[in-house]
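Values in this document were obtained by computation on a predicted structure and should not be read as measured data.
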Amino acid sequence: VVGAEGCGTWRIGMLLSRSRLAVVGARQLSTAPTLRSARPPQNLVEKIVQRHVVPSSDGSVGWIRSGQAVAITPSYVMTHDNTAAVVLKFNGLDAPRVANRRQVVFTLDHNVQDKSEGNLKKYSDIEAFAAQHGIDFYPAGRGIGHQVMCEEGYAYPYRMVVASDSHSNMYGGLGCLGTPVVRTDAAGIWATGSTWWQVPPVARVELVGSLEPGVSGKDVIITLCGLLNSDEVLNHAVEFCGEGVKSLSIDERLTIANMSTEWGALAGVFPVDETTVAWLEARLAWLTKRGRAGVPSDPPAGVPERCDQAQLSALQELMPHMHADPNCHYDVTVTLDLSSVRPHVSGPNDVKLATSVDKVAESQIKINKAYLVSCVNSRQEDIAAAAEIVRGHKIAPDVEFYVAAASSEVQAQSEADGNWQALLDAGAIPLPPGCGPCIGLGKGILEENEIGISATNRNFVGRMGAKSAQAYLASPTIVAASALAGYITGPRTFGEANIVFAHSVREAPPPDTANTNEIPALAPGFPEQIRGRAIVCPVDNINTDGIYPGKYTYREDMSTEEMGAVAMENYDGSFPEIVQEGDVLITGYNFGTGSSREQAATALKAAGISAVICGSANQTYKRNAVNNGLIVIECPELLETIKASVGKTDTPTLVQNPFCATVSIDFLNSQIGTDRGEGTFSFRGFDPVCQELIALGGLEAWIGAQLQTVVNA
C-alpha cells in the first residue's frame, strides 16, 4: 500500500507504529508537518487529509493523492450508544490507557427512550468509563451526537473528524471532512491515536442558481439520490462547489452533507465561505455567553481551544489556501441547477426512488405516522418550517406526528421562538432529543403494514419498525403538510419538475488490477484459494439494516453465534438454515450500503460465509469486512453472468445453486472459477494491508498483537 511519502510501500506494522501510545494533541488549524517536494494540484479533500497524515520519523510527509492508504490522526473520534461495544473491544486490546483523551468524545443519543435497568446501567457504565479516562461525555438528552459535535466546536472547518456512525458525513456542511469508522477502528484510535484510511476518489458537484421558495436542502439531496442512482458516487468523497453554494444556509448544507451517505459517498464536503464564518462567529458568541458545557475539556473561563477566537482567526488566515487547485483531479463531475429542483419524495423503502411531491400527491397515499426527527432534519430551521405549515391547524385524526429536536439546545431555541409550541398545539407528539424512530427504537415506530412519511435520512425495509411497513422520506414541510392532510402531499403545488443537471466521468490513472502482471504477493496466513458452495442473492443495494437488523445493533450481550443466527433477517429469514460453513455469498451492486454497523460483517462471517462476491460494495462495509477478517471481492463480470442466467430480480430472496454449484477463488492469480468450466473472472487483488489484517482475523487482533509487542519490548 502506498504510504504518505508516495514513493514506497508500508506494511501494516509501520502504519500505526509511529503514533502507538503517543499522546498527540487533536490537530488544530495552526499545526502542519514538513512537506517534501513541490506540491502537485490537490482537491480540497486531499488537502484536508494532508493535514492529518502521520508524519515520517523525520517529521515529513509526501503529497496525498486519492487511492493512497495512509495512517491518519483524526482530530476527534465520536462514539454514541455503541461506546459500550467499543469499550469491550478496547479492554480486549489490553491498552494501558487511552492514548489521547482530548481526541475522544462520547454522546448518548440512539436509545434514549429506553429506561430499562439494562440500558440505564449501560449508560452509567459509559459515563463511568469517560470519567475514569477524562473523556468529554454528553449524556442522553443533550442531543444527537453529530449535532452536538457541530454545536460544541469539535466539527470545525478543515479538520478530519471520524465517528462510529455512518452519518459522520454531516460535518462536511461546515467544511470539515467527516467520515465513518467502525467500532474496532474506534477502539484502535483510543489505543493508538491513529488509524488507517484509504483516500477515496473525489467527485465534484457544482451547484448553480438558487433554490425556489418552498424548496429545501433536503429536496436537493433527495433529487441527487434519485437522479444519479447507479453508483455514480459510490465510495467517493463529494466536494460541493459553485455559486449556488452561497444561497444555502448552514442547516441546508448539513442536511445535504448528511444524506450524501445515502447517495453512496464516504464524505460530502462544502467549501468554507462567509456564511460558514458568520455561523462560527455566532456559535462563538453563544458559547461565550452560555459558559462551560460541563465536560473535562472545559477551560477555567471562556470557550474551549478547539473553537475559540484564536481558532477562528487561524481559520480565516488559512481560507485562501484551502480550496481545490486548478487542474486537480476529480473522478466524477456533476452539475445541478438549484433553480430547477422541485420538492421530491423518496420511496417507499428506497432512498434512490424519487418522485415529485406533486405526482405523489395525486395518489393520496394515506399515512399512519409522520416524523420530524433525526440528525438530518430536526434543527431550528427545520422545526420553524414545519411549525409555519401547521400553525393554527390540527394533525389529521388518524395520523400520529412525532417530533424530536436534534439537540436540547435546538429544542430550547425552538421553544423560545414559539415554534415548538406551535407543533404541540397542532397535535404533535414530542420525543426527547435523540435518534429514536429513525433507527426503529422507542415510541412511535412503524407497526405492521403501516405507512409513514419522515424527514429522516433512511427508509430501508424494517429500519423504522415492522418489515411490512412502508416508509417515505421528504422535507420537513412536506412531512408537516402530509400530517395535516392525512396523506402524502406538499404544502402547495410546485409545477412540473424539469431538473437541469449534467454528469461526466473523467478517466483516472489506471489502478493495479488483476489484469496487470503486478499481482501482490500473499501475506503469510492469507489463503491462496477458497472453494465453496455458491449462495446467490442477486439484488442490488442490500443494506446493513437488511444484513443485521437495527433492533439488535445495541445489544452487547449477543455472541457472534447469535449474530450469525439473525444474519440477513430483513431479507430472507431462511438464510441461517440455508447457509453452510464455507459458503460463498454472491450478490449485487452497492452491497453493504447504509449504516456503518460492524455487526453486518461479523454476522455473515459467523453464519459461515467464507467470502462475499458482489458487483460493487460500500467502502465502509469493505472496511468493516477487512477489520473482521471477512473477504469481500468486487467482480461485476461474474455478477452479470449470473444475472443473465437467473434473471434480474428485485425480490430479496436467496437462490441456491442457480448458476453453479461451487465457486473457487484463486488469490494467487486473482481469478474466480466455477464448476461449469466457462472460463474465469478477474478481480482486483488485495493490497498488503488488507491481506495482513484478514490473515490475522481482523484489526482487533492486529492492534492487540502490536500493543503486546510494545509491552514486551
Side-chain angles (χ1 to χ4, degrees), residues 79-82 85-86 110-111 163-169 179-186 225 231 234-235 258-266 349-352 374-376 435 438-441 456-465 467 471 473 537 539-555 558 560 562-573 575-576 585 587-607 609 612 614-628 630 632 634 652 654 698:
T79 57
H80 44 67
D81 293 36
N82 57 21
V86 180
H110 271 53
N111 201 20
S164 188
D165 189 276
S166 57
H167 287 109
S168 313
N169 293 27
T179 194
V181 295
V182 295
R183 300 175 181 196
T184 303
D185 291 317
C225 288
D231 293 358
L234 178 65
N235 299 330
N258 182 297
M259 269 192 72
S260 67
T261 302
E262 280 62 49
W263 198 16
L266 287 173
N349 299 343
D350 189 346
V351 177
K352 295 187 176 182
S374 87
C375 57
V376 68
C435 302
C438 179
I439 195 172
L441 295 172
T456 53
N457 39 34
R458 286 197 180 129
N459 56 352
F460 301 146
V461 173
R463 175 178 172 86
M464 296 187 69
K467 184 178 175 181
L473 303 181
C537 188
V539 181
D540 298 336
N541 301 309
I542 290 182
N543 58 72
T544 51
D545 281 271
I547 302 169
Y548 192 81
K551 62 185 177 183
Y552 304 120
T553 303
Y554 300 104
R555 284 189 52 187
M558 292 186 71
T560 54
E562 290 171 324
M563 292 181 190
V566 300
M568 301 289 278
E569 185 176 282
N570 277 345
Y571 275 99
D572 190 326
F575 182 84
L585 177 63
T587 186
Y589 293 97
N590 197 21
F591 180 76
T593 187
S595 165
S596 61
R597 66 192 60 161
E598 189 169 7
Q599 301 100 314
T602 309
L604 286 185
K605 186 178 180 183
I609 295 297
V612 176
C614 54
S616 61
N618 177 275
Q619 184 65 33
T620 301
Y621 187 86
K622 287 195 291 184
R623 183 185 182 94
N624 276 336
V626 169
N627 285 350
N628 279 269
L630 175 67
V632 175
E634 294 174 316
L654 292 164

[X] versus [Y], closest heavy-atom pair with distance:
X	Y	result
L630	A601	CD2-O, 3.8 Å
F575	A607	CE2-CB, 3.9 Å
P576	G564	CG-O, 4.1 Å
N258	T261	O-OG1, 3.1 Å

Answer whether the closest heavy-atom distance between the side chains of [X] and [Y] falls below 4.5 Å.
X	Y	value
L473	E262	no
L604	L585	yes
I439	R463	yes
T602	T560	yes
V632	C614	yes
R597	P549	no
D540	N590	no
Y548	M563	yes

Starting at [atom1] of [X], measure out to [atom2] of [Y] and round the result to the nearest 0.5 Å.
X	Y	atom1	atom2	answer
S595	H167	OG	NE2	8.5 Å
M464	L441	CE	CG	11.0 Å
D165	H80	CG	NE2	3.5 Å
S374	M259	OG	CE	9.5 Å

Check: [X] side chain, [Y] main-chain N or O, donor-acceptor pair, under 3.5 Å:
X	Y	result
R183	S164	no
T587	C537	yes
N618	F591	no
K467	V461	no
T544	S596	no
N169	T179	no
N235	A617	yes
Q599	T553	yes
N627	A625	no
N459	A471	yes

Does the side chain to side chain contact (heavy atoms under 4.5 Å, CB included) test come out yes or no for V612 and K605, once each step is laid out? CA-CA 10 Å; V612 176; K605 186 178 180 183; over 6 Å; no
Taking R555 first and then E562, would you say they form a salt bridge - that is, a charged N and a carboxylate O separated by under 4.0 Å? no
S616 and L234: side chain to side chain contact (heavy atoms under 4.5 Å, CB included), yes or no, with the steps? CA-CA 9 Å; S616 61; L234 178 65; 3.5 Å; yes
I would like to know whether N543 and Y571 meet side-chain hydrogen bond (donor to acceptor under 3.5 Å, both in side chains); could you show each step before the answer? CA-CA 10 Å; N543 58 72; Y571 275 99; 3.3 Å; yes
Check against side chain to side chain contact (heavy atoms under 4.5 Å, CB included), F460 and N570: CA-CA 10 Å; F460 301 146; N570 277 345; over 6 Å; no
Candidate list N624, T620, T184, test side chain to side chain donor-acceptor pair (under 3.5 Å), partner E598, passing option: T184
